[in-house]
Structures are given as C-alpha cells and as structure tokens.
Protein chains: 2
Amino acid sequence: MQTASTDMSTKRPAPNRSRVTIADVAKDLGVTKSTVSRALNGYPDIAETTRLRISRAAERLGYRPLSHAQAIRTGRVRSLGLVLQIDSEDSARPFLANFIAGITQAASAENWTVTIATAETDEGVRETLSRLVDEHKADGFILPRTLRQDQRVATLRAQNIPFIMFGRTDDPTGCAWYDIKGEDAMRAATTRLASLGHTRIAHVPGGAEYTYSKLRIQGYREGLEAAGIPFDPDLIGAPSLTRQSGDASTRALLALPEPPTAITFAVDRAALGAYRAAQALNLRIGADISLIAYDGVPEGAYADPGLTTFAVNSRQAGERLATLLIKRIRGAAPEDLRELAPATLVERGSDRPPRLTPTELAQHLKHQSTI
Amino acid sequence: MQTASTDMSTKRPAPNRSRVTIADVAKDLGVTKSTVSRALNGYPDIAETTRLRISRAAERLGYRPLSHAQAIRTGRVRSLGLVLQIDSEDSARPFLANFIAGITQAASAENWTVTIATAETDEGVRETLSRLVDEHKADGFILPRTLRQDQRVATLRAQNIPFIMFGRTDDPTGCAWYDIKGEDAMRAATTRLASLGHTRIAHVPGGAEYTYSKLRIQGYREGLEAAGIPFDPDLIGAPSLTRQSGDASTRALLALPEPPTAITFAVDRAALGAYRAAQALNLRIGADISLIAYDGVPEGAYADPGLTTFAVNSRQAGERLATLLIKRIRGAAPEDLRELAPATLVERGSDRPPRLTPTELAQHLKHQSTI
DNA sequence: GAAACTTCCGAAACCGGTTTCGGCAAGGGG
DNA sequence: CCCCTTGCCGAAACCGGTTTCGGAAGTTTC
C-alpha cells in the first residue's frame with residue numbers, strides 16, 4: 001500500500017492517484033460500463049434521456065476517458081505524428097514555432113494531441129517514422145517538405161496509414177495535401193517585375209528534389225510568357241537554399257554577358273545571399289538589381305532595403321494540415337482533402353524599376369571587376 | 001531483414017496482416033504471455049536461457065509492444081510532455097527547432113516519444129497542461145521559461161506529477177531543473193567590459209517575473225563588485241524582451257546625466273533594439289557605446305557590428321532536460337536532478353574599449369539632440 | 001530421508017476501456 | 001390474442017499487455 005507522505009525526496013515513482021474511471025460513472029448511475037461507453041460515444045441504441053443522464057454524470061464526476069485505454073480496443077490513439085528534419089544548416093527556422101502552434105491548436109480543438117520527433121538525415125526521418133508507425137504512436141502523419149518522389153509517402157501509402165503532405169508530389173495517388181501556391185507567387189513576381197520595366201528576369205530555384213521547385217519554376221515561366229518575354233535557360237540560376245549558395249548563384253547570373261536586372265528567388269534565404277553579392281559588386285538593391293523572393297522569413301524585414309517577398313502563413317498551414325489529417329483518419333477520401341492557399345505579397349524595397357539596361361549593367365559590372 | 005514468408009515450419013500460414021502481439025511470440029515458443037512479458041521486462045524469476053530464447057524470438061518475429069497497451073496496466077505511456085507558449089510577439093524563435101531536436105533525440109534514445117502542445121497565454125498553458133495531465137498523455141513534463149513563482153510548478157507538484165524545469169524558481173522544493181548559468185555570463189560580461197576600461201556599465205534586465213532576470217542582475221552586480229565599481233540603481237534599465245523595448249530602454253539609459261558607455265543585456269533581442277537607438281543617436285556601437293548580451297540568436301551575427309553575446313546551447317538543453325526528466329519519472333529524487341551549464345562567449349564587435357568618457361558621451365548626446 | 005527453500009514458469013486476474021450478443025419489455029400488425 | 005419488430009440495455013468477451021499467485025520440480029538443510 002502506498003501512503004501519501006509529504007516527503008518529496010522519496011524515490012517513489014508513481015503518482016497513482018485514483019482517477020475517475022468509466023466504472024465509477026456506471027456505478028454512480030446504476031448502469032453498466034457498456035451503457036456508459038455507448039452513451040458517450042454516440043451509439044444509436046441508447047435512449048436520449050439515458051444519454052443525457054450519463055453525460056451529465058460524467059461531467060459532474062470529471063470523467064475523462066484515457067485515450068490509451070481506448071486505443072487498445074479501437075486502435076486509435078487520437079494523436080497526430082510529425083517527424084521533422086532538423087539539419088545543421090537551416091535548423092534556425094523561425095517558421096517552426098508558428099507551424100507547430102497551428103498544428104497543435106487544430107489538434108487540441110478536436111481533443112487530439114501531437115507526437116513530435118526529429119531526425120537529422122533523410123534516412124533518420126524514415127527510421128523514426130517507421131518506429132512511430134510500428135508502435136502506433138500516432139494515427140496519422142503530417143509530412144512537411146515533400147519531395148517529388150518521397151519515400152515517406154511510398155512507405156505510408158504501402159502500409160495504408162493516413163497522412164497528409166505539406167506540399168505536393170509527383171504521383172498524387174492516395175495523397176491528401178495542403179500547399180501554398182508558390183507557382184502563382186512566382187508568376188506574380190515575374191509579372192510584377194516585368195511591369196516595372198524589367199526585361200531580363202532570372203530565377204534562382206530551390207532544390208530540384210522538391211516539388212515546389214518545379215512548380216515555382218513553372219510559375220516563373222508562365223509569368224515570362226504573360227509578359228511576352230522569351231524564356232532564356234541561362235537565366236535559371238543554380239539551385240540555392242542558403243545565403244551562401246544564393247550569393248554564389250547571384251554572382252553567376254550577374255556574370256552573364258547579358259545579366260538580369262531582376263531576380264526571383266524560390267526561397268528568401270537565397271535572396272538574402274544576393275544582398276551580399278550586391279554589396280561585393282557595388283550594386284544597389286532596388287535600383288541596379290531588383291529582387292523578389294518567397295517565404296516571408298523575418299530577416300527579410302531587417303535587410304536593407306527590405307526584401308519584397310511572398311509570405312507563407314505557416315500557422316494557418318499547420319492548422320489546416322491537422323484539420324485535414326484528422327478528417328483523413330476518420331475516413332475521408334484523400335482526393336477530397338487537397339487544399340491550396342495563396343502566398344501574400346509583402347512589398348518592401350527590393351523591387352523597383354531598373355536603373356540600368358542589362359547592357360549597362362554588364363558595363364557597370366565589368367568596370368567594377370577591373371577596379 | 002525479416003523473413004516471415006520463407007519459413008516453411010510456421011504453424012500458421014496466416015497472412016499475418018495485423019501486428020505481432022505478445023501472444024504470437026508466446027505461441028511461437030510454446031510458453032505463456034506472462035513468461036514473455038516478464039522475460040522482456042527483466043523480471044528476476046526468468047531463467048537466463050529462457051530470457052535469451054524469448055528475446056531472440058521477439059526480435060525474429062519483429063515484436064514491438066504497444067506502449068499504450070502497456071500503459072493501461074503500468075500507467076506509463078513512455079512519453080514526455082511539452083507545452084510551449086507561443087505568443088504573437090516572439091513567435092519567431094529560431095532556438096525552438098534545436099531545443100525540440102534535443103528533447104526528441106534524448107527521448108528517442110530511450111524509446112520514448114514527445115507529446116507537444118502550445119498555447120498563447122499563461123492561462124492557456126495551464127489549461128492545456130491540465131488536459132494533458134488529466135488524460136495522462138505524458139508521464140512527465142518539461143517546463144520552459146520558468147517564472148519565479150510558477151503556477152505550473154505548483155500544479156504539478158501538488159498532483160505529484162514528475163516535471164523538470166528549464167530554468168529555476170523561487171521555491172525549489174521538489175523541483176528538478178536544468179539551467180544555464182546566466183548569472184555567470186552576466187558577471188563575466190561585466191568584468192570583461194570593466195577590464196576594457198568601462199566604468200559606467202548598465203544592465204537591461206528581462207521580465208521581472210522570470211527567475212533568470214533576477215539571477216542575471218545578480219551576476220551583473222557581482223561583476224561590478226569584482227571590478228570595484230559601485231552599483232548605481234539608475235543603471236538598471238527598464239525590463240526589455242523585444243527590440244522595441246530594448247531601443248527605448250537604451251535611450252533612457254543614455255539620457256542619464258552620466259550615461260553608461262557600456263550596457264549588458266539579459267536578452268539579445270533587447271540588445272538588437274539598442275542598435276536602432278544608437279543609429280538614431282548617431283553613436284557607433286563598439287566605440288561610443290559597447291554592448292554585451294545573452295542568448296545567441298542568429299540575428300546577432302548579422303548585425304553590424306556583430307553582437308557580442310553569451311550563447312546558449314539549446315539543443316543540449318533539450319537533450320539534458322529529456323534525459324533528466326526520464327530519470328525523474330523512473331524514480332530519481334528531484335534533488336539529484338539539478339544541472340547547470342555555462343553559456344559560451346561569442347566574441348563579435350559590439351564590445352570595445354570606450355572611446356569617450358561618460359561625461360564626453362553626455363556632451364556628444366546633448367550635441368546630437370540639439371541638431 | 002523428510003522438511004524447507006529456491007528456481008522457474010503457468011494460470012488467471014487485472015488494467016480501462018469498447019464491442020458483440022442476446023434478452024426483456026413495449027409497440028404494432030394481423 | 002399472438003407474433004414479430006423495435007428500442008434499450010445488461011452480460012460477457014475482448015483488446016494487448018502486466019502482475020499476482022501458486023505450484024511443480026530441483027536443491028539444500030538437518
């Protein structure tokens with residue numbers, strides 16, 4: 001027998017305070033457990049008056065069913081799984097807090113919880129995911145950063161485990177998703193630059209393995225087409241996800257015989273690298289060279305001039321993803337759970353009419369390099 | 001690799017679509033469930049040879065106990081709880097990814113998981129915490145951002161639920177914690193500034209309700225004392241947690257008759273506000289005014305000049321917190337689970353010998369304000 | 001050589017729920 | 001008036017584990 005002592009230093013592990021069980025509720029009303037269970041779970045063979053009596057008694061006694069006790073029979077733990085990849089590079093992700101907040105909020109609203117795990121590598125993610133699946137720690141999973149060909153998708157699809165993607169993928173069979181229309185954003189960005197007077201507009205894409213990269217390039221090309229500007233493959237820069245590679249990619253584009261006077265970036269961080277390149281080459285952003293990017297990272301606001309970008313509402317993304325995933329787990333068809341939302345333009349100072357023509361810019365750059 | 005189908009001697013050619021349970025393992029070896037359970041859980045009344053046979057069979061069959069099935073009897077769900085407060089202001093927390101990565105890594109290592117939830121307000125946090133406790137979604141909790149008097153602590157302590165704090169609190173009874181020695185950092189910062197030649201050194205604290213604020217002020221005062229500089233209450237600025245309030249707080253300090261030539265900040269973000277103030281007042285940071293802060297946010301590296309700061313390893317913090325909490329849940333006494341780690345100095349350009357004396361600085365500022 | 005321990009494992013209860021099955025009573029149709 | 005539904009709920013099995021209890025062997029003690 002455990003006696004509740006006031007000694008805090010004892011090595012006693014278990015709180016072991018007696019909770020209110022379904023049997024307590026049943027006894028209180030003089031009915032059986034099964035009646036209580038069915039009443040609380042909305043079975044049709046319980047009289048309405050009884051249901052009311054029971055739910056009131058449950059409320060009064062403070063009865064809360066244990067989800068893991070339910071799970072043993074139902075197979076549902078009422079939890080959403082999220083496996084994040086935290087690599088050393090971009091571990092500083094400000095969006096994460098909001099994303100998680102969105103997910104947990106929507107989950108809480110349905111009285112679900114969120115089980116989170118992390119890994120550093122692709123393989124680590126897959127292993128962790130497998131473990132969570134094997135131990136049934138979650139009823140379904142949110143997959144961020146989806147690739148064009150994603151092994152996580154293949155695995156979960158094969159095992160028939162509910163999931164939802166934050167992003168899209170090449171083969172949509174059996175997939176539900178929520179995604180931001182990056183393609184629209186890039187089309188709008190390109191159109192906007194063209195209407196400012198730019199004629200040489202480049203694009204620095206993200207990693208080729210990501211679906212969004214393909215889509216954003218596509219949007220960029222649509223924008224060109226709408227503006228009547230011919231597509232020039234040279235103006236697709238090297239894929240860049242970091243400041244450093246964005247810097248390099250920008251320099252390479254500016255070294256072209258006919259350099260771009262404007263660049264669209266698939267991700268903000270790469271665009272921030274362009275600030276460095278511009279400084280080194282003595283170019284003024286928003287005058288000699290214009291930039292529009294995508295993501296809406298806070299650093300963009302502190303850059304000088306501020307980075308014009310298409311911001312993603314990651315909190316909303318988390319909310320919708322959780323909501324849709326719960327529906328999926330409850331049996332909705334994946335085809336009915338596909339949502340796209342727009343990114344919103346944040347106008348700052350990095351996009352302006354061109355001060356120089358591409359030729360003049362080339363001259364200027366040549367002059368710089370000889371100093 | 002698991003080969004279930006190639007084994008011809010299996011008694012059940014059943015297409016084992018469902019998971020392998022403890023009964024499957026038992027039947028495979030011709031023992032009972034109880035024997036398997038005790039063998040796998042290290043009970044002493046199982047022969048070593050039997051234990052080996054069983055654990056090998058479990059391995060071979062790919063048996064993974066369901067933690068929620070175990071939980072129903074043991075009361076342990078093998079999960080750590082984390083309730084984050086995500087307020088609209090400082091939701092952009094880059095440290096979060098690393099913190100979570102640390103926690104989940106340590107948890108995974110013990111085959112535990114992490115249940116995460118968020119709330120916006122203090123009260124929301126308490127409610128969410130209560131819900132997780134009531135439904136026993138976690139066996140113990142990590143409490144970040146502890147206050148000097150923290151209701152979460154009171155609640156969990158009263159219900160005898162294991163928890164660990166990231167930070168300290170006024171009444172340590174029954175508390176385990178991991179914390180960074182912010183007091184040491186502030187002492188070192190002050191000493192460092194003093195040895196650079198500063199004699200008027202101010203401190204901008206964090207919110208008064210946080211334990212760390214008290215400790216960092218204390219460290220600051222120790223540093224003054226060690227340097228033989230008398231403490232001047234006027235040099236304790238207004239509590240600041242944001243860029244904006246840091247800006248205001250800095251201006252107020254500089255408006256003193258004898259302004260400080262150096263300021264220590266309890267948090268980086270407030271120090272970044274000082275950059276604005278300096279710019280507005282035409283002061284050069286690292287010359288006219290020196291700064292040393294605390295946290296190690298990435299923005300500090302991009303400031304110009306870079307912000308000298310004491311960086312916190314939040315990944316390690318997460319790791320240790322999870323590790324200690326698991327020990328706590330397993331029965332270790334809270335008094336034995338108290339760890340302090342140092343912050344590490346990141347030298348950048350914001351702290352230099354003073355160019356002006358306080359009096360000269362006051363002159364300079366007066367001159368600025370008349371322009 | 002019998003009593004007293006040990007060692008090791010099976011049988012069964014148990015944890016807190018859900019779900020199946022069947023039965024009783026009231027109601028409706030013939 | 002009887003039979004057949006229908007509505008409603010109790011009894012009991014069940015989910016996948018853990019834990020208690022007891023007993024059959026083997027070992028030691030006297």
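Naming: A, B, ... by sequence-line order, numbering from 1 per chain.
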Novice: Quickly work out the A:Ile46 CD1 to D:dT6 C1' distance and round it to whole Å.
Specialist: 15 Å

Novice: When you compare the protein's N or O atoms with those of nucleotides 16-19 of chain D, which come within less than 3.5 Å of each other, and at what distance?
Specialist:
| unit_1 | atom_1 | unit_2 | atom_2 | d |
| --- | --- | --- | --- | --- |
| D:dG17 | OP2 | B:Ile22 | N | 2.6 |
| D:dG17 | O5' | B:Tyr63 | OH | 2.9 |
| D:dG17 | N7 | B:Lys33 | NZ | 2.8 |
| D:dG17 | O6 | B:Lys33 | NZ | 2.9 |
| D:dT18 | OP1 | B:Asn41 | ND2 | 3.1 |
| D:dT18 | OP1 | B:Gln70 | NE2 | 2.8 |
| D:dT18 | OP2 | B:Ser37 | OG | 2.5 |
| D:dT18 | O5' | B:Ser37 | OG | 3.4 |
| D:dT18 | O2 | B:Arg73 | NH1 | 3.1 |
| D:dT19 | OP2 | B:Tyr43 | OH | 2.4 |
| D:dT19 | O5' | B:Tyr43 | OH | 3.4 |
| D:dT19 | O4' | B:Arg73 | NH1 | 3.4 |

Novice: When you compare the side chain of A:Leu66 with that of A:Arg19, does any pair of heavy atoms fall below 4.5 Å?
Specialist: yes

Novice: Please examine the side chains of A:Ser79 and A:Val114, heavy atoms only from C-beta on, and report whether any two atoms are closer than 4.5 Å.
Specialist: no

Novice: Listing request: all salt bridge (Lys or Arg N to Asp or Glu O under 4.0 Å) pairs with a residue in residues 38-50 of chain A, at least two apart in sequence or in separate chains.
Specialist: A:Arg38-A:Asp45, A:Glu48-A:Arg51

Novice: Considering the terminal five base pairs at each end of the helix from C:dG1-D:dC30 to C:dG30-D:dC1, what angle separates the two local helix axes, rounded to 10°?
Specialist: 50°

Novice: Using ring pair (Phe, Tyr, Trp, His ring centres under 6.0 Å) as the criterion, list what pairs up with B:Phe99, not counting sequence neighbours.
Specialist: B:Phe95, B:Phe166

Novice: Side chains of B:Phe141 and B:Leu82: does their closest heavy-atom pair fall under 4.5 Å?
Specialist: no

Novice: Do A:Arg53 and A:Val31 have side-chain heavy atoms sitting under 4.5 Å apart?
Specialist: yes

Novice: Is any N or O donor-acceptor pair between the side chain of A:Asp45 and the base of D:dC9 shorter than 3.5 Å?
Specialist: yes

Novice: Can you see which heavy atom on A:Val77 is nearest to which on A:Lys137, and at what distance?
Specialist: CG2-O, 3.7 Å

Novice: Please list, by residue number, the residues of residues 54-62 of chain A whose heavy atoms come closer than 4.0 Å to an atom of DNA chain C; answer none if no residue qualifies.
Specialist: none

Novice: For residues 327-334 of chain A, dump all side-chain donor-acceptor pairs below 3.5 Å to protein atoms at least two apart in sequence or in another chain.
Specialist:
| unit_1 | atom_1 | unit_2 | atom_2 | d |
| --- | --- | --- | --- | --- |
| A:Arg328 | NH1 | A:Ala332 | O | 2.9 |
| A:Arg330 | NH1 | A:Glu110 | OE1 | 3.4 |
| A:Arg330 | NH2 | A:Glu110 | OE1 | 3.4 |

